Amino acid sequence: MMRMVDLIEKKKQGEALATEEIQWMIAGYTKGEIPDYQMSAMCMAIYFQGMTMEETITLTMAMRDSGDVLDLSGIHGIKVDKHSTGGVGDKTTMALGPIVASLGIPVAKMSGRGLGHTGGTIDKLECFPGFTTAIPEHMFKQNVNDIGIAVAGQTANLAPADKKLYALRDTTACVNQKSLIASSIMSKKLASGSDAIVLDVKVGNGAFMESAEDAKALAQIMVDIGKGAGKQTHALITNMEQPLGYAVGNSVEVLEAIETLQGKGPADFLEVVFALGKHMILLAGKANTEAEAIAMMEESIQSGAALRKLREFVAAQGGDPRFVDDPSRLPLAKEVVDVLAPQDGYVSKLEARPIGHASMLLGGGRATKESEIDLSVGCVLHKKIGDAVKCGDSLCTIYARDKASAAAATKEVLGAYEFSNAPVAKPKMIFAELS
Ligand code: URA
């Protein structure tokens with residue numbers, strides 16, 4: 001008979017777990033037969049000893065099979081999913097989803113909520129009053145067939161092993177381990193039934209992977225898992241050294257996503273949106289070259305097709321589409337404070353993590369999975385790496401519920417910035433691509 005304590009000991013000694021051992025462990029943990037304390041010891045052993053590629057693939061498949069595996073074959077066309085490993089100011093899905101959907105590519109997406117200093121698409125979409133991602137499977141499929149896009153939350157029975165394990169890892173300092181991240185993300189992607197996957201692996205202090213080497217290694221593991229499961233998988237390594245775009249929060253990010261679809265998007269954000277989008281379009285077989293794919297996305301924005309698609313999408317999931325037409329209706333907290341530059345110079349550093357943390361302190365992020373969040377708070381940056389500043393310029397506008405949280409966030413924001421006297425180059429956004 002297998003005993004969890006023996007498996008923990010085996011991993012602690014640096015040995016590889018056998019396929020049946022991993023399968024037994026995940027099945028037992030999902031059913032509640034293996035307690036959290038033993039699973040957390042196992043996660044910590046994995047954190048220090050790692051897993052082989054074979055173990056990682058077995059773990060992914062066991063987590064995928066711990067619940068339902070969606071069958072999206074009833075949706076016409078090649079379904080391409082996009083997934084980000086998590087970052088600060090990452091409102092990519094809200095802009096990219098409608099763009100690619102407007103080009104006739106079915107977007108059937110499972111998204112998550114924010115956790116810790118990172119934001120989540122579901123919370124942001126809930127800024128549209130009435131909007132829900134808790135839609136039944138038949139409606140999810142129907143919406144994709146009718147309007148080309150639907151976004152749902154991770155249903156209780158999609159990779160439930162990951163749901164339990166992720167919450168456990170989050171509270172036991174075991175999130176940033178490559179095999180655990182790769183299996184967590186890929187188990188959900190493989191269970192949610194798309195035909196091809198584009199991964200946005202973030203690197204930098206606002207991401208779970210802080211070095212480009214680690215991010216590349218993580219991306220390669222995920223690509224190999226995806227391909228091993230018969231799905232075309234493409235990964236981009238993108239910059240999360242500073243927040244993406246200018247807005248960090250919920251309403252403020254929705255506003256920036258809408259502005260992007262109105263043709264007024266920040267350059268760094270658009271670069272990432274287009275880099276991911278071109279691979280979605282190519283994988284879906286809708287363009288032959290990268291240049292053609294980018295021209296299609298530009299046209300979708302210029303013609304207003306992407307914005308109209310966002311409107312349709314919001315309405316189809318119960319949201320008030322008037323907020324797309326007039327985003328000034330989005331809730332913004334009343335206490336407005338500008339963070340001022342303490343000196344002249346050029347911004348040489350703007351760390352993403354403290355900005356994400358500032359948004360959390362304002363009430364815009366979750367300290368625990370159960371926390372209620374305030375959609376109206378957030379930060380809007382005005383100066384990013386490479387920008388020239390004069391002493392007293394506004395670096396960032398903070399939208400807060402009260403003076404105390406505004407003061408705490410101001411401190412975080414100021415601590416995120418560094419300045420230099422010499423000009424600083426704008427950072428590169430896309431570091432590498434793997435497939
Ligand atoms: N996102 C996930 O879904 N899982 C992880 O482990 C990290 C980021």
Side-chain angles (χ1 to χ4, degrees), residues 26 29-30 39-40 42-44 46-47 50-51 55-57 59-64 66-67 70 81-93 109-124 133 151-192 194 197-211 214-223 225-226 233 235-238 240 244 276 352-353 356 360 365-366 368-369:
I26 293 301
Y29 184 58
T30 310
M39 200 50 156
S40 42
M42 175 59 87
C43 287
M44 194 55 89
I46 293 172
Y47 184 89
M51 280 186 134
E55 287 178 285
T56 310
I57 290 175
L59 178 64
T60 309
M61 299 311 169
M63 294 209 293
R64 175 197 65 184
S66 65
L70 281 185
D81 203 351
K82 185 276 314 174
H83 190 85
S84 147
T85 56
V88 178
D90 185 4
K91 67 284 293 174
T92 308
T93 296
K109 182 144 177 50
M110 297 284 156
S111 286
R113 292 193 185 274
L115 194 68
H117 71 282
T118 68
T121 301
I122 294 183
D123 298 324
K124 293 170 199 175
T133 52
V151 174
Q154 181 180 355
T155 60
N157 213 30
L158 192 103
D162 170 65
K163 225 177 183 183
K164 278 186 82 175
L165 206 54
Y166 190 83
L168 188 72
R169 287 165 53 214
D170 189 47
T171 48
T172 54
C174 288
V175 171
N176 57 341
Q177 200 284 334
K178 294 185 200 81
S179 290
L180 295 178
I181 297 178
S183 56
S184 164
I185 292 177
M186 293 307 288
S187 63
K188 284 175 289 205
K189 293 295 103 181
L190 297 177
S192 62
S194 58
I197 303 161
V198 177
L199 298 165
D200 179 5
V201 180
K202 304 281 188 198
V203 61
N205 79 83
F208 293 122
M209 293 290 118
E210 298 208 15
S211 80
D214 281 341
K216 253 193 212 168
L218 171 63
Q220 192 64 57
I221 297 171
M222 291 198 284
V223 166
I225 295 172
T233 308
L236 269 69
I237 316 287
T238 72
M240 189 37 73
L244 191 59
L276 294 165
R353 191 176 288 257
M360 216 175 96
R366 278 185 188 78
T368 71
K369 268 195 187 290

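All values derive from a computational prediction rather than experimental measurement. Just so you know, ligand 1 is whichever comes first in the structure, and atom 1 is the first atom listed for that ligand.
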Kindly say whether A161 contributes a backbone atom to a donor-acceptor pair with the side chain of S66 at under 3.5 angstrom?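 Confirmed, S66 side chain pairs with A161 backbone.
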
Report yes or no: does R353 contribute a side-chain atom to a donor-acceptor pair with the main-chain N or O of A207 at less than 3.5 Å? yes

So, is H83 polar-close to ligand 1, with some N/O to N/O distance under 3.5 Å?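 N/O-N/O distance under 3.5 Å: no.
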
Is there a polar contact between ligand 1 and R169, counting only N or O atoms under 3.5 Å apart? yes

In terms of atom number and element, which parts of ligand 1 are under 4.0 angstrom from non-hydrogen atoms of [X]?
| X | value |
| --- | --- |
| F208 | 7 (C), 8 (C) |
| T85 | 8 (C) |
| S184 | 2 (C), 3 (O), 4 (N), 5 (C), 6 (O) |

Flag the pair L244 / K202 as yes when at least one side-chain heavy-atom distance between them is below 4.5 Å, and no otherwise. yes

Answer yes or no: is there a side-chain heavy-atom contact under 4.5 Å between I237 and L218?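 When only atoms from C-beta onward are counted, L218 and I237 do not touch, as no gap falls below 4.5 Å.
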
Taking atom OG1 of T30 and atom NZ of K163, what is their separation to the nearest 0.5 Å?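 Those atoms lie 13.0 Å apart.
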
Between OG1 on residue T93 and NE2 on residue H83, distance to nearest 0.5 Å: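 The NE2 atom of H83 is 9.0 Å from OG1 of T93, to the nearest 0.5 Å.
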
What's the shortest distance from [atom] to any protein heavy atom, and which residue and atom give it?
| atom | value |
| --- | --- |
| atom 3 (O) of ligand 1 | K188 NZ, 2.4 Å |
| atom 1 (N) of ligand 1 | I185 CG1, 3.7 Å |
| atom 5 (C) of ligand 1 | Y166 CE1, 3.2 Å |

Can you tell which part of D162 has a heavy atom less than 4.0 Å from ligand 1: side chain, backbone, both or neither?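 Looking at D162 and ligand 1, no heavy atom falls under 4.0 Å.
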
Decide, yes or no, whether a salt bridge links K178 with D214 under the criterion of side-chain N to carboxylate O below 4.0 Å.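 Yes, charged N to carboxylate O under 4.0 Å.
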
